[in-house]
Amino acid sequence: AGLEPVQPARHHGRPLKPQHPAELLLLLSCPAFRAHFGRLFGREAAEQWRFASAARYSEVSEDEEEEEDQLRALSWFALLRVQPDPEEEEDKHETALAVAPLGTVPKGAPLLACGSPFGAFCPDIFLNTVSRGVLSNATGPLLLTDARCLPGTEGGGVFAVRPPGALVALVAAPLCWKSGEWVGLTVLCAAAPLLRIAHNALGLLRTSAASLASLLPPEVGTRWGLPLRDPGPTWAAAAVLVECGTIWGSGVVVAPRLVVTCRHVAPREASRVLVRPTTPKNAKIWGHVVFATQETSPYDISVVSLEEDLEGVPMPVPTEHFHEGEAVSVVGFGVFGQACGPSVTSGILSAVVQVDDTPVMLQTTCAVHGGSSGGPLFSCSGDLLGIVASNTRDNNTGAIYPHLNFSIPITVLQPALQQYSQAGDLRGLQELDHTTEPVRVVWRLQRPQAETPQSKL
Amino acid sequence: MGRQCGPDMRVAEQAGCVVRASRAGQTEAGSWSCSGVILSRSPGLVLCHGGIFFPFMRAGSGVLTAAATAFLPGDSCSDDLRVHVQWGPTASSPEGRVKWGRPGLSTPQC
C-alpha cells in the first residue's frame, strides 16, 4: 500500500495505454454456475469455505454482511462498452478471440490464466500477469484450475493451449480456503454460457446496444473444424473413489479386479469396500481388503480385491524410473469427494528420496488435499509413478501445505502386486511390514541418523 | 532473457485489461478494480467481474440472488458510477510490437 507511480505507467517496461472511459451495459450471471456453486460450496459446506476477493484499494472488510455480499457477487460478471479512442490505430496484428464451447476442454488439459493481481492498484507491474495450470475439475459451467490466481484477477481470462488461445473461462474466485486450508484451486466460470447470456440480453436492450451482440466472439470448433470433444488423458480414468464404512478416499486400478489405496482409507483386512470408477458414471463395485500394511509400516497401503471386473477402465503402466523435475499429475477425489468427479492437479516431481539407491518416497508440487490419499501420481505420459499418501501439516501451527506431498513409489509395490495378482500370493505385500529402519526414518520425516562411529578398540 | 510466447500467451496478453469502478469526483483511492477480457476493440467490448459494481447497485445486492436472474441492465447501478478500462500496448503500437518466436531479435522498421 502506498505505492504511487511517479512516472507514466509502464507495462513490463512498455507504456500502458491511458485509461479509457467505459459504460456498464449489463451485469450477467450464469444461473447454472450459481446452482453448481451452491451445491459444491453452499449449505452445510458453506461454513468451511472462504473466498478471497478484490477488496477496495487498501481496506479489508471483516464484517459478515459484506462477506455475504461478496459471495453473492462472486458469480456475477459485467459487460462494458468502451468509448472509442480516435487516436487508437486499427490493430491489424490482433488475433480474433474465440471461445471454447462448454465441455470441450477436458480435465487435465493445460490452461493459461491472465489477470492483474490487485486490479488497477499497480498495473504497470501487474497488468496481464500470466499463470499456468490445468483444468482440475468441472461441474457444469463451474470450472476449477490449479493455476495460481491472486485477488484482483477476478474477471481475468483463462485460455486454452489447445485450441490455442481459445477463451475457456473467467476467474470468479481466485483463492479459496477450506477449513483453514488453502486449497490452491481457482474457481472459474465458463465463458461460453456467459457470452450466450450476454448475446440474448443485448438483444433485449436498447437497439444501440443490440447491434453489439454480433461483436461477441464465436465459439470455436465449428468454424475451426476442430474436434469438439477432446477426450483428454485416458489415464485419469484409472482413479477411483474408495469408500470403507464412513471413510472415503481415492484409489487406483492396477488390474481388472485389483485396486490400491491407502491403509488409512481402508484399514482392516476383510472389511468390505465400495469402489466407484469415474466411468461409467454412477457405476459401483463391491470388494474387500485382501491386505493392509501394519500401522508400524511406513508404507500406508491397502489392497482391495473386487467382486467383478472393472469394465473399460484403462490399466495404468507402472513406471520403472523417476526423473526429478518431470511434469506430473495427481488425480484424486480430494476437496469435493463424491460431489463431483476426481480433480486433476499438476506440478513437478520435486524429490525422489532414496535409501541404498532405492526410491522410497516421492514428493511433488501438485495440490494434494484431504481425500486424495490413495490416488495415483502420473507422469505426463500417463505412467503410474506412485500412490499419494499424504500432504504436509506443520504440527506447530497446524497449517496444511497441499503443494508439499508424499507418495509411495510404484516400484516399491509393483513386484508384490504382480505376485498377488498372478498367483494370489500375499508374501510380497507382507514384506512391506518389514522395511528397514532407514526407510521408516524417511517416512517419519526425520533426519537420517548420522553413522555411529565404529569403536577403534 | 527470452519470452516464451505461444499463441495462447499472445491472445491472453492481447485480451487482458484492468477495469476500475469509482464514484464521480472520487479519488482513485476510493475505487474498486478487477481484471477483464477485451472481447472486441472497435467498437470496444469488455467482459469483466461484476463484483466491483455492487457498491453502486440502486437496489442493493439482494437482487442478485433471485435464482433465475441471468442479467441486469447497466442502469441497475447509480448514475455516479464511473468506469475506466486500461490495457497494455497493442501489437500495432510501436511500443507493443515484439517479434514473437525470435526473442532477442527485432526488425526495426525502415
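Chain letters run A, B, ... following the sequence lines, proteins first, then strands; residues in each count from 1. As the structure is a computational prediction, the values presented were derived from the model and not from experiment.
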So what's closer than 4.5 Å to chain B heavy atoms on [X]: side chain, backbone, both or neither?
| X | answer |
| --- | --- |
| A:Ala191 | neither |
| A:Leu195 | side chain |
| A:Val171 | backbone |
| A:Leu25 | both |
| A:Val130 | side chain |
| A:Pro18 | backbone |
| A:Leu112 | side chain |

Top residue by heavy-atom pair count (under 4.5 Å) with chain A, among B:Leu72, B:Val18, B:Val11? B:Leu72

Among B:Ala21, B:Gly36, B:Cys77, single out the residue with the greatest number of heavy-atom pairs under 4.5 Å to chain A.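 Highest number of pairs under 4.5 Å: B:Gly36.
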
Checking A:Phe121 against A:Phe126 for the ring pair (Phe, Tyr, Trp, His ring centres under 6.0 Å) test, could you report, in this order, the C-alpha distance in whole Å, the side-chain angles of both residues, the deciding distance, and whether it holds? CA-CA 9 Å; A:Phe121 176 67; A:Phe126 295 124; 7.9 Å; no

Is it the side chain or the backbone of B:Cys48 that comes within 4.5 Å of chain A heavy atoms, both, or neither?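 Its backbone and side chain both get close to chain A.
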
Does any heavy atom of chain A fall under 4.5 Å from the side chain of B:Ala15, the backbone, both, or neither of them? side chain

Run the side chain to side chain donor-acceptor pair (under 3.5 Å) test on B:Ser76 and B:Arg58 for me, step by step, so that the C-alpha distance in whole Å, both residues' side-chain angles and the decisive distance to 0.1 Å come before the verdict. CA-CA 6 Å; B:Ser76 307; B:Arg58 297 174 195 275; over 6 Å; no

Enter the distance from B:Met9:CE to A:Asn128:CG here, rounded to the nearest 0.5 Å. 10.0 Å

Nearest 0.5 Å, please: how far is OG in B:Ser31 from CG in B:Leu81?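 Between B:Leu81 CG and B:Ser31 OG, I get 11.5 Å after rounding to 0.5 Å.
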
Heavy-atom pairs under 4.5 Å with chain B - which of [options] has more of them than the others?
| options | value |
| --- | --- |
| A:Pro110, A:Ser75, A:Cys114 | A:Cys114 |
| A:Val82, A:Leu28, A:Leu24, A:Leu80 | A:Leu80 |
| A:Gly157, A:Ala172, A:Ala113 | A:Ala172 |

Should A:Phe77 and A:Leu170 count as side-chain neighbours, where that means a heavy-atom distance under 4.5 Å?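 Sidechains of A:Leu170 and A:Phe77: in contact.
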
Going by the rule side-chain hydrogen bond (donor to acceptor under 3.5 Å, both in side chains), which residues pair with A:Ser346 if we only count those two or more places apart in sequence or in a different chain? A:Asp146

Do B:Arg20 and B:Gln86 have side-chain N/O donor and acceptor atoms under 3.5 Å apart?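 No pair is found: no donor N or O on one side chain lies under 3.5 Å from an acceptor on the other.
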
Are A:Ser29 and A:Arg34 linked by a side-chain donor-acceptor pair shorter than 3.5 Å?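 The answer is yes; a qualifying pair exists.
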
Run the side-chain contact (heavy atoms from CB on, under 4.5 Å) test against B:Asp80 and tell me which residues pass, sequence neighbours left out. B:Arg23, B:Ala24, B:Phe56, B:Ser78

